[in-house]
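For reference, the structure discussed in these notes is given below.
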There are 2 protein chains.
Amino acid sequence: MAIELRHLRYFVVVAQEGHITRAAERLGMQQPPLSQQIKALEHQLDVQLFRRKARGVELTEAGRTFLADALSVLACVDEAVEAARRTASGKQGRLGIGLPPSGPFHPFVPRMIRRFRETYPLVSVSMEECLRAELVDGLRAGTLDVAFIRASIAPPEGLDVHLLMDEPMVAALPAAHALARPGPRAGALPLERLAAETFIVYARLQGPALYEATLAACSKAGFSPRLGQEAPRIISALSLVASGIGVTLVPASMQRMTMDGVVFRPLRGPSQPKAFLSIAARRDGYSAAVRHFVAMVRRAAQDEVRSY
Amino acid sequence: MAIELRHLRYFVVVAQEGHITRAAERLGMQQPPLSQQIKALEHQLDVQLFRRKARGVELTEAGRTFLADALSVLACVDEAVEAARRTASGKQGRLGIGLPPSGPFHPFVPRMIRRFRETYPLVSVSMEECLRAELVDGLRAGTLDVAFIRASIAPPEGLDVHLLMDEPMVAALPAAHALARPGPRAGALPLERLAAETFIVYARLQGPALYEATLAACSKAGFSPRLGQEAPRIISALSLVASGIGVTLVPASMQRMTMDGVVFRPLRGPSQPKAFLSIAARRDGYSAAVRHFVAMVRRAAQDEVRSY
DNA sequence: TGAATCCCAGACGCGCGGCATATGGCAATA
DNA sequence: TATTGCCATATGCCGCGCGTCTGGGATTCA
């Protein structure tokens, strides 16, 4: 036989009452079995917990220390039960969110994370910014629970991907460039005007979505872009633009990041390229917190009307 | 039915094995009852802890959090058992030691406390210095577990008092007093030489032991002392001596406290008064730590040969 | 595609253990 | 000394946890 919680529950009541008979009453049982259980507990511990007096029982020194511990054990069990329930309902747990390099600049992304943290304060949220391929691997390996990705559909098996919204892409030009100076028609720029430029491409292998959007738009505009240096991510591409090496197209939300030497200009015309934002998670990801996050993000995306 | 430790023990093994059949093996039982118990636990929690797969079972998110809590609960129970055993054996607990005002000056007292703390480091020792009557009340009320007192026998009912040792009393004289100057026979002083002095008495009501020892010695020396001002404790009596108001007799160990304006001189002759040091505890004090302390002190006292 | 394997879940019966009833013993109170 | 209050022991019952047997679903071979 071993110590069971029943022993602790009985012991606590007897200790509080100082009286086996009254404790039995409170426990809804008879006195003899309660006496037996207390005796069995003492035998298990090999420690006398009570001194039997003529009128009731009295805790020994060891009984007093054991009472404190027993109370805390019982409280811990209750807390563990509640924690499990909270976790099952998604109110508690961990949520690892993956972001593409451009994610933090899209106002929708940090807003959603903030809203989730406010709604589920017991879920500890961690964020990791990495390249597209790492996001997918992370989701598969379980190091990430959910990720924003720059794609319109679901390429990888085992993942659920939902398109959230799209946004126009804008041209990023060196500040010294002729088209960068706001002329008489300072509005949108037809993509054809960039036919002669050198295009800096980024994330071609890891996350080809934006790369392909750029190529498709150019071809639609009637030219095949001259490709220049390749950059691993948007930020590095923009710093190449700043040094005058070429131009590139980026999601409109990147305009929030003002960068010395870089000027953004919106594009117009039928060839307007678009950048997509999606949310991805494991298809068999059972975490309720993940489900809540995905649902919250999708609902919010539907409510958005304006695009960036 | 309620959750029992058995459920947690089973759950932990199943979670670790990821396999009900193997877990049952490790638990020395068959698979079906183990499946039942896990299911019963899940039903109690109203939370699914495992996902049943083709090859074994897999913890859910809620199961993972519950596993951590279950492990800590089981560890807490083990620790509680050990703590109770340590307390029962006196290796752990609290020990409130009472000291008379002269206690800290007797080298034996702090030495014993230090030795006890080294021998039983898990027992948290607290000390309180107070008057004799407060010591007795504290022992009775349970605010003190054990006390050193200045008496040779047990006056109060319900307490066990053991005489530890005695020590001679010495005269405390104002520095300006004629007998304070070390003359040609600078050794011990016959008590009769103080017959004409004013005696400062202390702790007459609260702890009459030393007061009575003084009177008895004087009467044995053939005179009845003229009593001066009364002081609540030895220290205050000595400060009265320092201001020249009178003389008093104190335990020899008090000489360790050198005080400006006070000179100590040993006494000699058949009327040599003695101060006693005893250890007292409740007779029905069941605390093993108390028993250890009393035993240690008594043993050490027997080993002492010299007196202070 | 069918057989084999693996593993969890349900059905059923048994035996242990926890509980209730009845009773004894001890100490405090009158 | 009688009475009361309370814990401990004795005994029988019943529920429940466990073992055995069996079924069903998924994966892995041939």
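All chains are named by letter (A, B, ...) in the order of the sequence lines, taking the proteins before the strands, and each is independently numbered beginning at 1.
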Review point. Roughly, in whole Å, what's the span from CD1 in B:Ile3 to P in D:dC16?
Key: 16 Å
Review point. Would you find a donor on one side and an acceptor on the other, under 3.5 Å apart, between the side chain of B:Gln31 and the backbone of B:Ala24?
Key: no
Revision key, fill the gap. Applying salt bridge (charged side-chain N to carboxylate O under 4.0 Å, His left out) to A:Arg298 and not counting sequence neighbours gives none
Check your understanding: Rounded to whole angstroms, how far apart are OH on B:Tyr10 and P on C:dC8?
Key -> 16 Å
Practice item. Sorted by first residue and then second, give each side-chain hydrogen bond (donor to acceptor under 3.5 Å, both in side chains) pair with at least one member in residues 66-83 of chain B; sequence neighbours left out. Key: B:Glu79-B:Arg86, B:Glu82-B:Arg85
Check your understanding: In whole angstroms, how far is the C1' atom of C:dA9 from the CD atom of B:Glu42?
Key -> 12 Å
Point to revise | Atom of B:Ala23, atom of B:Val13 and distance for their closest heavy-atom approach | key: CB-CG1, 3.7 Å
Point to revise | Under-4.0 Å side-chain N/O to phosphate OP1/OP2 contact, B:Gln37 with D:dC18 | key: yes
Check your understanding: ring pair (Phe, Tyr, Trp, His ring centres under 6.0 Å) with A:His292: which residues, sequence neighbours excluded?
Key -> A:Tyr120
Check your understanding: In residues 50-62 of chain B, what residues come within less than 4.0 Å of DNA chain C, judged by heavy atoms?
Key -> B:Arg52, B:Ala54, B:Arg55, B:Gly56, B:Val57
**Study point:** Gap between atoms CD and C1', on A:Glu4 and C:dC16 respectively (whole Å)
**Key:** 14 Å
Review point. Is A:Arg291 reaching over with its side chain to a backbone N or O of A:Tyr286, donor-acceptor style, under 3.5 angstrom?
Key: yes
Exercise for review: Keeping the roles fixed (side chain from B:Glu4, backbone from B:Arg6), state whether a donor-acceptor pair exists under 3.5 Å.
Suggested key: no
Review point. Would you say A:Met296 has more than 12 foreign heavy atoms packed within less than 6.0 Å of its CE?
Key: yes
Check your understanding: Which ones in residues 13-35 of chain B lie close to DNA chain C, meaning a heavy atom under 4.0 Å from one of its atoms?
Key -> B:His19, B:Ile20, B:Thr21, B:Gln31, B:Pro32, B:Ser35
Check your understanding: Toward the 5' end of DNA chain D, which comes first, A:Lys39 or B:Gln36, by nearest nucleotide?
Key -> A:Lys39
Review point. Roughly how many Å is it from CG in A:Leu5 to C1' in C:dG18, rounded to a whole number?
Key: 16 Å
Point to revise | Over-ring placement of B:Arg150 relative to B:Phe276, 6.0 Å and 45° cut-offs | key: no
Check your understanding: Do B:Glu118 and B:Arg115 meet the salt-bridge criterion of a basic N to acidic O distance under 4.0 Å?
Key -> no
Point to revise | Rounded distance (Å) that lies between atom P of D:dG17 and atom CZ of B:Arg9 | key: 14 Å
Check your understanding: Is a side-chain N or O of A:Ser124 found less than 3.5 angstrom from the main chain of A:Arg94, in a donor-acceptor match?
Key -> no
Practice item. Describe, as an angle rounded to 10 degrees, how the axis at the first end of the helix from C:dT1-D:dA30 to C:dA30-D:dT1 is tilted relative to the axis at the last end, five pairs per end. Key: 20°
